[in-house]
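Residue numbers start from 1 in every chain, and the chains themselves are labelled A, B, ... in the order their sequence lines are given, proteins ahead of strands.
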Amino acid sequence: MNQSHRYFFAIVALLMIGTTRLFAQDQCYVCHSAIGDTPSTLFQHDVHFKKEISCAGCHGGNSQMEDQEKAMDKKAGFIGVPKGDLISERCASCHADAAKMKKHGSSLPTNQWEGLKASVHAKLAVSGKEHIVQCSTCHQAHGVVSPKDPSSPVNPLNVVTTCAKCHGNAAFMRSYNPALPVDQLEKYRTSVHGIRNAKGDRKAAECASCHGSHEIRGVHDTKSKVYTTNLPGTCSSCHSNAEYMKEYKIPTDQYERFTKSVHGVALLQKHDLGAPACNSCHGNHGAAPPGLSSVSKVCGTCHALNADLFSSSPHKKAFDERKLPECETCHSNHEIVAASDKLLGVSAEAKCSQCHSTTQNPKGFESAKHMRMLIDSLEISEQHARSLIEEAEQKGMEVGEAKFKLRDVRQARLESRTMVHAFNLPRFTEVVNKGLAATSSVAEEGQQALDEYIYRRVGLGISTLIITVVAVSLYLFIRRYERNQR
Amino acid sequence: MGLGKKIYAWIDERVQLEGLVEFMGKKYVPVHRHSLWYYFGGVSLFLFLIQVVTGILLLLYYKSGEELAFESIQFIMSKVQFGWLIRSIHSWAANLFILSAMIHMFSVFFEKAYRKPREVTWITGMLMFFMALGFGFSGYLLPWNELAFFATKVGTDIAGVVPYIGKPLMTFLRSGSDVTGATLARFFGIHVAVMPGIFTVLLSLHLILVQAQGMSEPMHLENTPEKEKKKMPFFPNFLLRDLLLWLIVLNVLAILAVFFPWELGHKADPFASAPAGIKPEWYFLFMFQTLKYIPAQVFFLDGEVLGILLFGLGGLLWLLVPFWDRKSSRGEQNQAINYVGLFVILYIIVLTIVGWVA
Amino acid sequence: MMQGSTTPPVNESKRDFLKIVLSGGLIAWAGAVIYPILAYLKPPKQAEVEVSSVKAGKLNEMEKDSGKIVKFGTKPVILIRSADGSLRAFSATCTHLDCTVQYRKDMGLIWCACHNGRYDLNGRNVAGPPPRPLDEYRVVVQGEEVMISKKV
């Protein structure tokens, strides 16, 4: 007992002596705190202060010397207030060095400086001498605290205002990227993420969640986390994580479903940059699900014709009254597959019959049935025409012309499928009839080519007959001639 | 007097047909168990004439040039009446021509008809055969379709392997370092102007020699007394038979053209990767296949070079057979020649089949 | 030495028949050969293969601020005469789903009827689903004749 007590005191005493000795020796701090200047006041709370890193760690010089002249001698490595890139380089001298970081008992990553140098913020500033952004721009110089600390400017709840200091300043942004909007924070506050963030939810996405923290790249940089083809993956890093999203009680299969959708395939597999990513429908900084009655407007930014037709159709009112999401009701949302004619009509898999039946809304039921019949007959006649052309082609007939006309048929079919969205039988019939007319002219040409094929065979038959007659009579002639020769 | 006779008389009065008829009437064709082979010369001639006629017809619409060649053939096939027929006949007749010339050549070879005094006839015939292969090779590119483009690429590549003259030869053929529109222009010129000119001279020489020297008799008949030999007059008996065969050949061509129209394929795209299974025309297949089997390195020689040199040597020996086969010229049987011929035929047939199936 | 005229009179009737058949057959055969050749020589409706360049019509026939579809080989090309009179040509195949585009006077741009794809008068896709701009063709005016050719 006594023994262990003695040990304990000995250790405490040693520790105390050590600390006093160290700070007794850090003459920079001793003097500057005596003056009570801002840097030394702030430094008291600094994480580096707590890790017993001297002022000289960044400013150079000899912190052991009491004599100001000697302590702040340039020959002793004193650099004064670091300027420009030197700031970040000073930070990086430890933070990019895994060994040094380990020595100080830190498990922080060491790639921040590399990241910053690759980022859009590493472009040269207007002075032409330094990067636009240094470590201290976001992390402050003295009084650096862990991001987990609520007072940290890079704490999830503070990041948005930190970024907005520059990005919300139109006058400042003008000198670097005049076309870049400066209302991101404003929009963000309207988004689901922003509202939660304002309520103190640290898990809700903030700037760095999507743009990255150190390696922030421009949106047109293919390595950027928010580059169109990378964006769905970025969103899914939270939204597909069931554990992380648990408390929000929303599905986590959006990404998975999106990858199967016609949009996801176009964007992620075919790298079609025109295809929509998450932000195309949900917004980016102001991300939120579109409202029920505005779905068609959102889809309509690309599918304008369909949206216009729908908005002027009788369905618009009916859907709004029943609180049905417009396009989504038939086409689903994240997993939008290429629409097929099967959606139309009154069969089991058709969408129309979900609301229309012989008893309920019977007029629409009849129209849907009729429209499906029309579009089917267009498809069948197109197939017929196509098979005629293919048959003719297989038989070696040249049908380039008719194949060219087949384009019109295909176009009419696509147009009729668009026209479905007007939910107006006469207008629909008109487009289908146009297609049927084009089809019949193609079919006619295909038939002509096949007739020509038969004509060739008949011609060959006739000439073969003639040649056979000539050959046989010539043979007989030779035989008789030779008989007579003898 | 019938109209036909009147016309004959009218012409006869002016150009003395009598002499020609008398000359041809006195010309006899030996009749024996191998007489059948005599007809292949005539069939080859007929097919060549068809090539001349259809070739001239195609020339009316064909346009050389990277941008137009393929499209103009498409145009001929679809827009021009009977264009499909003319083009298909030209393509089919080209192949049948080479086949029939081959049969003609081998029959002459086995009968040793090349022996003295017909060495020159053999040489002109062989030269024409080589030119026929050249016609085939150059004509194949003219539609400027994918297969032709890559076959030409491979073909000229092989030519480029020949030591010393290979590279300049390839550049000459391609009109540059690669197969381009310039190659097409060059092949077109060679196909329709250069070769037909030379061919016509050789053909005239060949025919004049055949007419002047008469058909060669098989060696075993040489010692038979003149009276016991069976023979038939060249005119009209043999010529009428020729005519009968020509009619049949023409009909065969028409049937092939109608039932198996020559395909046009896809337009050549110099930047596309070569489609799988590029093969040359069947008459080059045995050589192509052989080159595949020769190991990459034989002693100090490159395998491909060796193959080409061997084929070159073989062709040269074949061409000069009348000069080294002294025995036949002396009228003695030479079995060795038969074995050589048999080996060559079997070799060609087997490797062509292997190449075809592969 | 032997000529047809020396035939004995025994087969007179048969000879006549055979000769008639033979000469009739030969004439018919000649017809069967000559007819396709003559038909082949007859110039086809479309005078020649036109692919590297196409005549798109007369300049004075084209109004300002209008467009028309011209067949270029097997592909359609849209020729546009803009309001200021300048001529431009683009592939008329929409880059979205291969419909044929048209010029919309009211919008002053190229429009695809299938899904409302829009391209500006430089062929750039400006709205709707098209993923790529339209390929441009070269327009050359020779006198009054407007020619379209592939851009090299």
Starting at [atom1] of [X], measure out to [atom2] of [Y] and round the result to the nearest 0.5 Å.
X	Y	atom1	atom2	value
C:C112	A:E415	SG	CD	7.5 Å
A:L414	C:D98	CG	CG	9.0 Å
A:S463	C:Y35	OG	OH	12.5 Å
A:Q411	C:C94	CD	SG	9.0 Å

Specify the closest pair of heavy atoms between [X] and [Y], including all atoms of both residues, with the distance to one decimal.
X	Y	answer
C:T100	A:R407	OG1-NH2, 3.0 Å
A:R410	C:L97	NH2-O, 2.5 Å
A:I466	C:W29	CG2-N, 3.4 Å

Counting heavy atoms not belonging to [X], are there more than 12 under 6.0 Å from its [atom1]?
X	atom1	answer
A:R457	CZ	yes
C:E145	CD	yes
A:K316	NZ	yes
C:E63	CD	no

Query raised in the report: With a 4.5 angstrom heavy-atom cut-off, which part of A:L474 approaches chain C: side chain, backbone, both or neither?
Result: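 When you check distances to chain C, atoms from both the backbone and side chain of A:L474 fall under 4.5 Å.
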**Report entry** Top contributor to chain A contacts, counting heavy-atom pairs under 4.5 Å, from C:S23, C:G25, C:A32, C:P131
**Finding:**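 Sorted descending by pairs with chain A, the first entry is C:P131.
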Query raised in the report: When heavy-atom pairs shorter than 4.5 Å are enumerated against chain C, which of A:V470, A:N306, A:L305, A:T468 gives the highest number?
Result: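 Among the listed options, the one with the most contacts to chain C is A:L305.
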Query - Structural part of C:N125 lying under 4.5 Å from a heavy atom of chain A - result: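 For C:N125, neither part sits under 4.5 Å from chain A.
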Query raised in the report: Tell me, side chain or backbone of C:A127 under 4.5 Å from chain A's heavy atoms, or both, or neither?
Result: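 Contact with chain A involves no heavy atom of C:A127 at all.
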